[in-house]
Amino acid sequence: MSDPRPASLQAAAPWWRPSGGQALVIRGGRPLTGSYPISGAKNAVLPLMVSALLTPHLVTLHNVPASLDVAVLAALLQRLGVDMHWSNTAAGLSVTICADRVHPGNIDGDLVARMRASVLLLGALLARCGEARLPLPGGDAIGLRGIDFHLAGLRAMGADIDLASGLIHATARSGLRGADILLPQPSVGATESLLLAAVMARGTTVIRNAAREPEIVDLAQCLASMGGKISGAGSHAIVVEGGTTLAGAVHTVMPDRIELGTLACAAAVTNGEVLLRHGRTDLLGAALPVLQAAGVVLREVESGLIACRAKAGLAGVDIVTQPYPGFATDLQAPVMALLSVAKGVSAITETIFEQRFRHVGELSKMGADIAVHGRTARVRGVAGLRGAAVTCTDVRAAAALVIAGLGATGETILGDLDHLDRGYDRMAAKLAACGADIVRPDDRQP
Ligand code: UD1
């Protein structure tokens with residue numbers, strides 16, 4: 001999956017450096033040490049950037065992760081007529097978004113095909129412009145990933161939605177109206193879509209069986225600082241009093257809890273000790289006791305969390321992925337890499353996505369002993385992994401392979417690197433600063 005339009009990405013996000021299809025080479029076996037800054041959350045920043053479409057006033061986001069998904073969304077927003085001003089300081093990447101003009105028809109199909117989160121544009125454009133045209137969105141191939149909950153919710157709010165030849169055409173000529181919506185499943189994206197639409201809709205919207213992920217609370221906080229009237233974010237029922245004219249806002253993106261969990265695994269696998277700056281145990285939900293039971297020590301200090309391996313070593317644990325506050329599906333692959341070298345047998349059951357075990361084949365190439373039966377992977381811990389040429393199959397699989405490579409003996413060559421870059425802000429460079437031997441061979445830069 002190499003980038004079809006690097007020029008449009010760099011025009012919209014000048015900080016973006018395309019991987020150019022390069023591989024990443026990791027020579028494993030070095031303990032990670034020092035300090036690793038956890039970036040702003042990929043899954044929070046995308047809906048936050050979309051929220052800027054709801055107002056003609058300026059929305060400034062701080063702690064923006066410099067990831068490929070952010071660049072793709074920036075390019076999509078730019079095509080819609082939105083101006084963005086980026087600033088990169090020692091405190092991190094910030095963007096000020098000005099959507100005083102929005103052209104809802106100008107969506108770029110190639111870009112939408114790259115990222116499922118582009119479906120979030122639908123609710124926001126309907127709310128702001130009364131119309132949206134969007135090709136059916138793409139993203140990771142990890143399951144069926146319908147968008148039926150998004151569409152049903154928007155229809156309940158009065159949108160007319162027509163699906164023809166892979167295109168979504170949605171209109172709400174006389175505006176959206178509040179509705180009482182029951183989600184069949186607590187979908188993160190659908191909850192965000194409906195929240196974005198509901199703040200501007202006339203009347204009250206109730207989103208029942210809403211997802212409770214911290215990224216939804218982050219979005220609700222930003223919308224509230226723009227003047228939105230939202231209660232219950234983080235619970236199963238979110239109530240939005242709509243019809244508000246939204247002002248601008250300044251918001252700091254929450255830390256990335258998936259990057260946090262991933263790095264905790266990497267520190268433990270390499271038997272290192274790393275300060276995960278901005279990390280907090282409360283972000284990890286059910287992953288915290290799982291990581292602890294598996295032998296990952298997480299110690300709170302003022303600037304974050306110190307992660308290392310327990311003296312007793314790594315031990316197998318059983319995991320079932322669930323919506324938040326359950327164990328995050330996005331940590332399933334990274335934790336599987338850890339459990340591949342833990343003592344004993346672990347059962348990992350994936351309940352959110354149908355095809356989220358594509359990393360198993362890649363970990364097996366490195367010597368992992370994993371058998372998949374339906375939705376459960378049985379991981380028999382081995383003494384160690386060995387380097388191999390592997391392929392990143394999705395964002396979180398890529399993170400799992402980085403963990404595996406850091407702990408393995410010999411050289412691991414990771415291909416299809418865009419998957420890693422989609423979700424992580426300069427992960428290789430940050431790992432190199434913690435002592436990892438990790439390079440992109442073409443330029444010998446991390
Ligand atoms: C978000 C996250 C992703 C994470 C996932 C689950 C972002 C950008 N991505 O994805 O990293 O893995 O939550 O925590 O935040 N579903 C439908 N119809 C719909 C919507 C969802 O059937 O209209 C199903 C999906 O196929 C899936 C389940 O519901 O089986 C949960 O998906 P959802 O929570 O919507 O995931 P995303 O928002 O796509």
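As the structure lists them, so they are numbered: ligands from 1, and atoms in each ligand from 1. All figures in this text were calculated on a predicted structure; none of them were measured in a lab.
Contact annotation: for Arg116 versus ligand 1, heavy atoms closer than 4.0 Å belong to the side chain alone.
For ligand 1, the atoms lying closer than 4.0 Å to a non-hydrogen atom of His150 are 23 (O). Atoms of ligand 1 found under 4.0 Å from any heavy atom of Thr329, numbered from 1 in the order shown, are 6 (C), 12 (O), 14 (O). Which parts of ligand 1 touch Asp330 is read off a 4.0 Å heavy-atom cut-off, strictly below it: atoms 3 (C), 4 (C), 11 (O), 12 (O). Against a heavy-atom cut-off of under 4.0 Å, Ile352 is close to the following atoms of ligand 1: 27 (C), 30 (O), 31 (C). The distance from ligand 1 to the heavy atoms of Gly189 drops below 4.0 Å at these ligand atoms: 35 (O), 38 (O).
Gly227 and Leu246 get closest at one heavy-atom pair: C-CD2, 3.9 Å. For Arg212 against Tyr324, the heavy-atom pair with the smallest separation is O-CD2, 3.4 Å. The two residues Ala233 and Ala220 have their closest heavy-atom pair at CB-CB, 3.4 Å.
Ligand 1 is approached by Arg356 to a heavy-atom distance shorter than 4.0 Å.
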Worksheet item: Does the pair Trp15 and Val70 meet the rule for a side-chain contact (heavy atoms from CB on, under 4.5 Å), with working shown?
Response: CA-CA 11 Å; Trp15 43 267; Val70 169; 3.7 Å; yes
Fill in: Verdict with supporting geometry, Tyr424 and Thr262, side-chain contact (heavy atoms from CB on, under 4.5 Å)
CA-CA 11 Å; Tyr424 300 94; Thr262 298; 4.2 Å; yes
Item to complete: Check step by step if side-chain contact (heavy atoms from CB on, under 4.5 Å) holds for Arg116 and Ile147.
Response: CA-CA 9 Å; Arg116 177 177 164 83; Ile147 55 163; 3.8 Å; yes
Worksheet item: Checking side-chain contact (heavy atoms from CB on, under 4.5 Å) for the pair Met336/Leu339: CA distance, chi angles, key distance, verdict?
Response: CA-CA 5 Å; Met336 189 184 287; Leu339 295 176; 5.7 Å; no
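Considering backbone and side-chain N/O atoms, Asn43 comes within less than 3.5 Å of an N/O atom of ligand 1. Residue-to-ligand polar distances keep Glu354 apart from ligand 1: every N/O pair is separated by 3.5 Å or more. Ligand 1 has no nitrogen or oxygen under 3.5 angstrom from a nitrogen or oxygen of Pro186. For ligand 1, the polar-atom distance check against Val188 finds a nitrogen or oxygen pair separated by under 3.5 Å. Annotation: Phe149 places an N or O atom under 3.5 Å from an N or O atom of ligand 1; distance criterion only. For ligand 1, the polar-atom distance check against Ala117 finds no nitrogen or oxygen pair separated by under 3.5 Å.
Side chains of Pro135 and Ile107 form a contact here, defined as non-hydrogen atoms less than 4.5 Å apart.
The existence of a salt bridge linking Arg173 and Glu131 is confirmed by a sub-4.0 Å separation between a basic side-chain nitrogen and an acidic carboxylate oxygen.
Across the listed options Asp148, Val119, Leu151, Leu120, Asp148 owns the non-hydrogen atom lying nearest to atom 18 (N) of ligand 1.
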